[in-house]
Amino acid sequence: GVMLGRAAYHDPWLLAQCARAFGGPAPDRREEVIDALGDYLARCARDGIPVKRLTRHVLGLFQGQPGAKRWRRFLSENAHRDDDNADILRQALDAMRGAVSDAA
């Protein structure tokens with residue numbers, strides 16, 4: 001329990017892999033998580049919940065993937081700037097993709 005919880009916090013994609021391994025529904029791509037969370041962030045922002053409260057829980061979504069460091073840095077540096085920015089995950093994804101294409 002606790003070990004899986006810690007591992008999943010640092011690498012949330014692990015939960016999708018576990019669900020798939022046991023035949024449960026799971027997203028095929030990390031971007032699907034971002035799409036779903038974007039809708040959730042928009043609702044939270046409307047309710048006055050700062051996006052930084054939620055973005056910290058997905059810092060590890062791209063753990064081990066090209067551009068993961070840029071993803072984490074973008075969220076860490078920008079989530080606190082605008083509590084209502086429901087597009088922050090999409091912006092972080094764009095920044096991450098830019099970093100990957102620059103490195104290629």
Side-chain angles (χ1 to χ4, degrees):
V2 173
M3 295 302 278
L4 179 60
R6 286 184 185 168
Y9 190 81
H10 293 289
D11 183 2
W13 190 245
L14 179 64
L15 294 177
Q17 293 170 315
C18 288
R20 205 171 3 272
F22 289 104
D28 293 318
R29 298 175 15 259
R30 288 169 171 86
E31 289 80 358
E32 293 175 54
V33 175
I34 293 170
D35 292 340
L37 281 176
D39 295 339
Y40 180 67
L41 277 178
R43 285 194 310 273
C44 289
R46 279 194 304 271
D47 292 341
I49 299 170
V51 296
K52 64 186 169 210
R53 285 197 188 164
L54 305 164
T55 57
R56 64 183 176 175
H57 299 292
V58 292
L59 289 175
L61 182 61
F62 288 93
Q63 184 68 28
Q65 301 297 304
K69 183 176 181 179
R70 182 67 182 123
W71 163 265
R72 289 189 305 270
R73 185 178 334 138
F74 186 92
L75 290 176
S76 296
E77 291 175 354
N78 294 286
H80 69 281
R81 293 184 183 189
D82 181 359
D83 287 343
D84 298 329
N85 185 2
D87 293 325
I88 185 109
L89 298 178
R90 184 64 50 194
Q91 293 165 356
L93 182 62
D94 291 344
M96 182 185 84
R97 286 181 175 156
V100 170
S101 66
D102 288 347

Margin query: Taking side-chain contact (heavy atoms from CB on, under 4.5 Å) as the definition, give me every residue that meets it alongside A45, ordered by chain and number, with sequence neighbours left out.
Written below: D84
Item checked: Sequence neighbours excluded - salt bridge (charged side-chain N to carboxylate O under 4.0 Å, His left out) pairs with any residue from residues 71-81 -> none
Checklist line | Nearest heavy atoms of A79 and T55, plus distance in Å | finding: CB-OG1, 3.3 Å
Next item on the list: Hydrophobic side-chain clustering at under 4.5 Å (ILVMFWY, transitive links): who's grouped with F22? Put none if nobody.
Entry: none
Margin query: Under the rule for ring pair (Phe, Tyr, Trp, His ring centres under 6.0 Å), what residues qualify as partners of F62, not counting sequence neighbours?
Written below: W71
Margin query: Would you compute the distance between atom CZ of R29 and atom CD1 of I34 and round it to the nearest 0.5 angstrom?
Written below: 9.5 Å
Note to self: Checking N85 now: which residues fulfil side-chain contact (heavy atoms from CB on, under 4.5 Å) with it, not counting sequence neighbours?
What the structure shows: D82, D87, I88, Q91
Checklist line | For E31, all residues meeting side chain to side chain donor-acceptor pair (under 3.5 Å), sequence neighbours excluded | finding: R97
Margin query: Quick check: closest heavy atoms across L75 and A92, and the distance to 0.1 Å?
Written below: CD2-CB, 3.7 Å
Check: Considering residues at least two apart in sequence or located in another chain, which fulfil the side-chain contact (heavy atoms from CB on, under 4.5 Å) criterion with A26?
Finding: A16, A19, R20
Check: With a 4.5 Å limit on heavy-atom distance, are the side chains of L54 and C44 in contact?
Finding: yes
Checklist line | Pairs meeting criterion ring-ring contact (aromatic ring centres under 6.0 Å, His included) with involvement of residues 77-104, two or more places apart | finding: none
Notebook entry, point to check: Same hydrophobic cluster for V33 and F74, using side-chain heavy-atom links shorter than 4.5 Å among ILVMFWY?
Noted result: yes
Notebook entry, point to check: What pairs of residues pass the side-chain hydrogen bond (donor to acceptor under 3.5 Å, both in side chains) test when at least one of them lies in residues 32-51, not counting sequence neighbours?
Noted result: D35-R90
Item checked: Connected hydrophobic set around I49, excluding itself, where side chains approach under 4.5 Å -> none
Check: What residue pairs, at least two apart or across chains, pass salt bridge (charged side-chain N to carboxylate O under 4.0 Å, His left out) with a residue in residues 50-63?
Finding: K52-D83
Check: Which pair of heavy atoms, one from L61 and one from R30, lies closest together, and at what distance?
Finding: O-NE, 2.7 Å
Checklist line | With sequence neighbours excluded, residues passing side chain to side chain donor-acceptor pair (under 3.5 Å) with Q65 | finding: none
